Amino acid sequence: MHDPGAAARDVEAENESLRARLDYLVEQAERNHEIMCRHQAFDLEIVGSDSFQALIGTIFRSLPAIAGLDIVTLSLVDEDADIRTVMDKLGVDFNDFPHMIFVDAVAALGFVPSRSEVFTGPPKPMLGPYHPAGHQPMFPNQPPGLQSIALVPLLRNKRLIGSLNLGSLDPTRFTPAMATDFIEHMASIIAICLENVISNEMLKYIGLTDSLTGVYNRRYIDRRLLEEIGRARRQAYRISCLYIDIDHFKLVNDSSGHQGGDEVLREVAARIKAELRLSDALGRFGGEEFVVLLIDANLDSATQVAQRILQSIAGAPFVLSTGESLRISVSIGAATLDDFERDHAIEGVAQELVAHADSALYKAKEGGRNRVVSFT
Ligand SMILES: Nc1nc2c(ncn2[C@@H]2O[C@H](COP(=O)(O)OP(=O)(O)OP(=O)(O)O)[C@@H](O)[C@H]2O)c(=O)[nH]1
């Protein structure tokens, strides 16, 4: 017999189930929307990063949070250590980025090309359980209990430049069967951003260094001096300047040729540098002249550093690639910033400091060379 009450109850139950399903779908859609918004915000943030440091800082800081990951690391191929050298010169301290890994060869990334690679194209992400034996190098400083990982190739024009390494304590987070479109898309944006900032940093570096000796150029020293004077005034420490000129350098060129002269310039730069602290700055001002900015050094300490440089250059012969051995000496003028200059415009003070060191150098040359004279 037809029970109208039962039919109504069925409809109601079906209704309720449909409503629950709808609620679930709405909730899922909202969640997905929220994830998408967070990822879009991340994309915008990395695209807007104007330096290597800012970019990797954002990746390591934001990606674990937005993607709910327990560890994110980045491996970059840096065959001749060019990236590391340039970033180091530009002041990036890699101790601040323990998840940044540099490898010397593409093979070290772990994307071993399969025999059929020619047919399948560039490497694909590798997802699955974490195996310490093979994966530990990609996850140094990992949290205990790492269970599943994704190694996502970073590709630029089909060239492997590195890998984005994602890790989770959840064993089901990355499995081999999982779709990888999303993480591949993310990795492609990261790869473009990385290539961009690295090229920009390289250009910046080239514009600030002397190509012959690898030390800074005049443009960098002039700029750095302005920054340092501002900081020294705020933090009340001394800055000193050494103006260094190789003695009778023309004779070196005349006797050993331009090539020999270049070798001497490189070696002089290296010997000066070896006597400096990391916070000091060495620049070649053109020709055979070098300028050193000594940070947190008064005239006494500047003179001591200058004497060490003098010794290091005159103390041991320069052996050229031809086997020729040369005795080289330098003359050095030292000057320091005085407190009474605090009220003056920074640009004027900077020029004056270098001019004082230059005029002391002139006296050192006049006094017979191979000596240090302080500006007083
Ligand atoms: N090899 C080489 N020589 C350079 C370079 N730049 C400048 N020079 C040379 O440096 C020499 C500088 O000579 P001078 O300014 O006369 O000075 P000096 O012979 O060092 O004599 P004092 O400074 O008075 O002791 C010149 O012969 C320049 O040609 C360079 O990049 N490479």
Side-chain angles (χ1 to χ4, degrees), residues 82 85-86 89 202-225 240-276 280-294 302-335 351-376:
D82 289 344
T85 308
V86 168
K89 286 261 189 185
M202 292 283 182
L203 280 179
K204 205 190 292 175
Y205 171 74
I206 290 165
L208 298 176
T209 48
D210 168 46
S211 58
L212 177 68
T213 58
V215 302
Y216 293 115
N217 60 19
R218 180 169 200 151
R219 188 169 350 143
Y220 174 87
I221 295 289
D222 284 345
R223 216 170 73 179
R224 173 88 182 267
L225 182 55
S240 295
C241 173
L242 303 180
Y243 212 121
I244 305 172
D245 186 286
I246 304 176
D247 296 331
H248 301 303
F249 187 63
K250 193 172 176 317
L251 293 180
V252 176
N253 270 336
D254 291 346
S255 67
S256 310
H258 208 262
Q259 175 73 28
D262 285 357
E263 281 184 47
V264 168
L265 284 168
R266 276 195 285 263
E267 177 71 16
V268 165
R271 291 196 194 185
I272 297 174
K273 203 156 178 221
E275 300 302 327
L276 304 178
D280 301 331
L282 166 64
R284 181 174 171 223
F285 264 35
E288 81 291 20
E289 294 177 352
F290 294 88
V291 165
V292 175
L293 301 183
L294 295 163
T303 312
Q304 283 171 27
V305 175
Q307 287 292 355
R308 284 208 315 264
I309 293 172
L310 208 72
Q311 278 308 310
S312 140
I313 290 170
F318 283 51
V319 182
L320 306 185
S321 57
T322 54
E324 189 185 354
S325 178
L326 299 176
R327 286 281 173 188
I328 301 291
S329 70
V330 292
S331 299
I332 305 180
Q351 277 170 15
E352 203 169 52
L353 176 67
V354 178
H356 285 173
D358 190 18
S359 88
L361 165 67
Y362 184 74
K363 292 208 172 94
K365 290 277 184 188
E366 266 192 339
R369 297 180 174 79
N370 192 21
R371 68 196 57 218
V372 178
V373 171
S374 301
F375 180 88
T376 43

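Order of listing sets the numbers, starting from 1, for every ligand and every atom in it. Just so you know, these numbers come straight off a predicted model, no measurement behind them.
- The residues E275 and R271 are annotated as not salt-bridged, no charged nitrogen and carboxylate oxygen being separated by less than 4.0 angstrom.
- In terms of protein heavy-atom proximity, atom 15 (O) of ligand 1 is nearest to E288 OE2, 3.5 Å.
- Here is the list of ligand 1 atoms found below 4.0 Å of a heavy atom in H248: 18 (P), 19 (O), 20 (O), 21 (O), 22 (P), 25 (O).
- Those atoms of ligand 1 with a heavy atom of K250 less than 4.0 angstrom away are 13 (O), 18 (P), 19 (O), 20 (O), 27 (O).
- Among all non-hydrogen protein atoms, the one lying nearest atom 9 (C) of ligand 1 is N253 ND2, 3.3 Å.
- Not a single N or O atom of L265, backbone or side chain, sits closer than 3.5 Å to an N or O atom of ligand 1.
- Atoms of ligand 1 found under 4.0 Å from any heavy atom of I246, numbered from 1 in the order shown, are 20 (O), 23 (O), 25 (O).
- Ion pair R218/D222 flagged as a salt bridge, since at least one NZ, NE, NH1 or NH2 atom sits closer than 4.0 Å to an Asp/Glu carboxylate oxygen.
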* Apply side-chain contact (heavy atoms from CB on, under 4.5 Å) to R284 and L265, showing your working. => CA-CA 9 Å; R284 181 174 171 223; L265 284 168; 3.5 Å; yes
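- With a heavy-atom cut-off of 4.0 Å, D262 touches ligand 1 through backbone and side chain alike.
- L242 has its side chain out of reach of V291: every pair of non-hydrogen atoms, C-beta onward, lies at least 4.5 Å apart.
- Atoms of ligand 1 found under 4.0 Å from any heavy atom of R369 (numbered from 1 in listed order, with element): 22 (P), 24 (O), 25 (O).
- Of the protein's heavy atoms, K365 NZ, 3.3 Å lies nearest to atom 22 (P) of ligand 1.
- Here D280 does not pair with K273 in a salt bridge; the nearest charged N to carboxylate O distance is not below 4.0 Å.
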* Evaluate the criterion side-chain contact (heavy atoms from CB on, under 4.5 Å) for residue pair L361 and V373; output intermediate values, then yes/no. => CA-CA 7 Å; L361 165 67; V373 171; over 6 Å; no
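- With Y216 as the aromatic partner, R223 does not meet the cation-pi criteria of under 6.0 angstrom to the ring centre and within 45 degrees of the ring axis.
- Here I309 contributes atom CD1 and L276 contributes atom CG; the two are 5.0 Å apart, rounded to the nearest 0.5 Å.
- Between F290 and L282, the closest side-chain pair of non-hydrogen atoms falls below 4.5 Å.
- Those atoms of ligand 1 that come under 4.0 Å of a heavy atom in D245, given as number and element, are 23 (O).
- G287 CA, 3.2 Å is the protein heavy atom nearest to atom 6 (N) of ligand 1.
- For ligand 1, the atoms lying closer than 4.0 Å to a non-hydrogen atom of F249 are 2 (C), 3 (N), 4 (C), 8 (N), 9 (C), 10 (O), 11 (C), 18 (P), 19 (O), 20 (O).
- Residue contacts with ligand 1: R284 is included, with a non-hydrogen atom under 4.0 Å away.
- The atoms of ligand 1 that sit less than 4.0 Å from any heavy atom of G261 are 1 (N).
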